[in-house]
Amino acid sequence: MTSKNVRVKIDEMKTSNGLIKNLELSIGKLVDDNWTEPMGPTPKPSLTALRDWDMKLLNKYKPFYMPACDLCCLCTYGKCDLTGGKRGACGLDIGAQSSRIVLLACSIGAATHTGHARHVVDHLIEKYGRRHPIDIGGMNVKVEAPVTRLVTGIKPETLGDLDEVLEYCETQITHCLSAAHTGQEGNNLDFESKAFHAGMVDQVGMEVADIAQISTLNFPKADPDAPLIQMGIGSVDTKKPVIMCIGHNVVPSVGIIDYMRDSKLDDKMEVVGLCCTAFDNTRYYDRAKIVGPISWQLRFIRGGYADVVVLDEQCVRTDAFNEAERVKAPVIAASEKNCMGFKNRTNDPADEIVADLVSGKVTGVLILDPEKVGEVAVKVAQKIAPIRKKMSVLPSLDEIKALAKTCRQCNLCQRSCPQDLRIPAALKAAADGNLAPLTALYEECIGCGRCEEACPIKLQIHSFIVKSGEKYMTEETNLCRAGRGAVQDVEIRNVGSPIVLGEIPGILAVVGCANYPHGGKDVYDICREFALRRYIVVTSGCSAMSAGSYRNSEGKTLYEEFPGGFEAGGVLNVGSCVANSHIAGAAPVDVDDRVGAGHREEVDA
């Protein structure tokens, strides 16, 4: 356990040796190290600490590049053509440039999760104090932060201890980004090695974020029987005022839920979430509901279901404000990373902000105080709901048929569609009065809206698809298990021998966003098939939502059909994206007890 910036001030102290007056001591950090684990060889590894091991892997399994772009546009030399073995003005070839882009992408991801962790930790320290203990499973979880301990050699015991871990992450991300500057790294394998490093740091940042919020916000703690949560647009009671939270950071949503509960409005309003905020909402408040994954933003907003839209950080459509404005739903931006161009109203009186939003004087505001976000969102939702009356911009079926007749059949929509959906054929059928082909696209469309941007006459093609599939959309009522958090030590011990002996074939982790046609159904089918074959199936984030979005022949969702334990045939939802770290964290605990003191190199070997 560490204490930072300790200050000791003595006005007057008499001792046998003399009198001390006006003594002030300032100590940068106190370390109370009662951890007996011997330190491994690579605590807080630098960019090159694990490079030799990376090179062994990369030389054995050489990267194969299929660049999406064969130009480099990252410096003031201008665009450089890297085709045909040519090098750019700085000397990079296409292999190095491709791996450089990978490093940048990995660093952005690591920075995003670590920035998320920094905001959460700073907020929770301010609210609960640096000495608030870390607890993600009580006696059931001996190694509370396996990734952090493995990588950094730090055993965090309090919220304050996480500060040092984040400082390490932030430093390494800075170095990774600096390596991508013009005239720095030039070898593709070294770029890849640094991308590995960024990915490792990303796991640490994610773990810090989740253990901090589990320890303070009363999330499920390694609970295989975490509650089942209502999921799907059809589960939302649209007769009530609806607040929709989009993003990954639960802190503003906690402010909303707390104000709603304190005001005795639990049964009078709906708080729903989309993307990872949805999961963390339900870990905090089991009456919150999950709308769906990242690709459902347009359909929910355009459908008019949300009376207030709250945006925090990550995976938020940057035009969410424009879409909400069309249906007259006020927007609150609640993160300094996603300000949406709004005026900062953090220091203004809450009732004044409410009045401006309800009257339409402003359509969106930036509020960086989560408690004020809660008060404003709840009050605005109550007042605006009877005014906007769930206003929708989805066209009627007759309007779709009429508008489809104006389609030029230029095929630009299909060419721009990342899934190459047969949109022109569906529009031609709609012009003839047959909406079935458009309805069929509902399950295949990933909601990106590129078709609309490509259309020369600006047909709202995605809205046509959503309206045609509205029956399916409003009947989406499924169940998803709330994120359980970490895996218990006893669960890991119980499966060790069965995995080695082949009684349990293995562990499958299904994570990320299924953004391709029928991707959600594929995730469900994969999870179910492996669970039936006695694999341990672990999910998180949007994949965990997709896994729960379908039912078997008996009408049961995946989370009803299979147990939530880390066991043969178990299907676990660990939680939001930052909870991915619990999946990675279970591996070193299973492999080796020495996970706490910078043994990353040894565990890898």
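For the single chain, residues carry numbers from 1 onward in sequence order.
Residues that satisfy the ring-ring contact (aromatic ring centres under 6.0 Å, His included) test with Tyr285, not counting sequence neighbours, are absent from this structure. Residues that satisfy the side chain to side chain donor-acceptor pair (under 3.5 Å) test with Glu323, not counting sequence neighbours, are Arg302, Arg326.
Closest of all the heavy-atom pairs between Cys480 and Ala544 is SG-O, 3.7 Å. When every heavy atom of Cys407 is checked against every heavy atom of Leu427, the shortest pair comes out as SG-CD1, 3.9 Å. Contact record, Ile583 with Thr539: CD1-O, 4.5 Å, taken as the closest heavy-atom pair. Here the closest non-hydrogen pair linking Val523 and Ala514 is CG2-CB, 3.7 Å. In terms of heavy-atom proximity, Met244 sits nearest to Ala306 at CB-CB, 3.9 Å. Val510 and Ser543 make their closest contact through O-CB, 3.5 Å (heavy atoms, listed as atom of the first residue, atom of the second, distance).
Using a 4.0 Å cut-off between charged side-chain N and carboxylate O, Asp307 and Lys390 make a salt bridge. The residues Lys337 and Glu313 are annotated as salt-bridged, a charged nitrogen and a carboxylate oxygen being separated by less than 4.0 angstrom. Between Arg283 and Asp280 there is a salt bridge, since a side-chain N of the basic residue sits under 4.0 Å from a carboxylate O of the acidic one. Taking a cutoff of 4.0 Å between a charged side-chain nitrogen and a carboxylate oxygen, Arg149 and Glu144 qualify as a salt bridge.
No hydrogens or angles considered: a donor-acceptor pair under 3.5 Å links the side chains of Asn188 and Tyr65. Remark: the Asn249 side chain and the His119 side chain contain an N/O donor-acceptor pair separated by less than 3.5 Å. Remark: the Glu192 side chain and the Ser99 side chain contain no N/O donor-acceptor pair separated by less than 3.5 Å. Using modelled atom types, one finds no donor on one side chain facing an acceptor on the other under 3.5 Å when comparing Asp312 with Ser335. In this structure, a donor-acceptor pair under 3.5 Å is present between the side chains of Asn478 and Arg551. A donor-acceptor contact closer than 3.5 angstrom links the side chains of Asn281 and Ser253. A side-chain donor-acceptor contact under 3.5 Å links Gln414 and Asp420. Side-chain N/O atoms of His518 and Glu443 include no donor and acceptor closer than 3.5 Å. Between the side chains of Tyr550 and Arg528, no donor-acceptor pair of N or O atoms lies under 3.5 Å.
Looking at Pro224 and Arg484, their side chains come closer than 4.5 Å, going by heavy atoms from C-beta outward. Considering only heavy atoms from C-beta on, Thr474 comes within 4.5 Å of Glu470 through its side chain. For the pair Phe566 and Gln488, the minimum side-chain heavy-atom distance is 4.5 Å or more. Side-chain contact between Val571 and Tyr535 is absent, with no heavy-atom pair separated by less than 4.5 Å. Side-chain atoms of Pro63 and Leu58, non-hydrogen and from C-beta on, do get closer than 4.5 Å to each other. In this structure, Tyr305 and Val236 have side chains that are not in contact, with every pair of non-hydrogen atoms separated by 4.5 Å or more. Met206 is listed as a side-chain neighbour of Asp202, based on a closest heavy-atom distance under 4.5 Å. Inter-residue side-chain proximity for Ile536 and Leu508 is flagged as unmet; no heavy-atom pair is nearer than 4.5 Å.
Partner of Ser468 under the side chain to side chain contact (heavy atoms under 4.5 Å, CB included) criterion, out of Leu438, Leu394, Leu441: Leu438 alone.
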Please test Ile400 against Lys467 for side-chain contact (heavy atoms from CB on, under 4.5 Å), starting from the C-alpha separation and ending with a verdict. CA-CA 9 Å; Ile400 293 173; Lys467 183 64 179 182; 3.7 Å; yes
So Thr112 and Gln314, side-chain hydrogen bond (donor to acceptor under 3.5 Å, both in side chains) or not? Walk me through it. CA-CA 8 Å; Thr112 302; Gln314 301 175 50; 5.7 Å; no
Is there a side-chain hydrogen bond (donor to acceptor under 3.5 Å, both in side chains) between Asn580 and Ser540 once you walk through the steps? CA-CA 6 Å; Asn580 274 331; Ser540 69; 2.3 Å; yes
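Glu207 places no side-chain N or O within donor-acceptor distance of the main-chain N or O of Ser581, the cut-off being under 3.5 Å. A donor-acceptor pair is defined here as one N or O able to donate and one able to accept, closer than 3.5 Å; no such pair exists between the side chain of Asn434 and the backbone of Ala430. A donor-acceptor pair is defined here as one N or O able to donate and one able to accept, closer than 3.5 Å; such a pair exists between the side chain of Asp135 and the backbone of Gly138.
The OG1 atom of Thr216 lies 4.0 Å from the CG atom of Leu124; values are rounded to the nearest 0.5 Å. Atom OG1 of Thr557 is separated from atom CD of Glu561 by 8.5 Å, given to the nearest 0.5 angstrom. To the nearest 0.5 Å, atom SG of residue Cys413 and atom CD of residue Glu453 are 13.0 Å apart.
Atom CG of Asn322 has more than 12 heavy atoms from other residues, nucleotides or ligands within 6.0 Å.
A parallel orientation is assigned to the rings of Tyr442 and Tyr472, their planes being inclined by less than 30° (bins at 30° and 60°).
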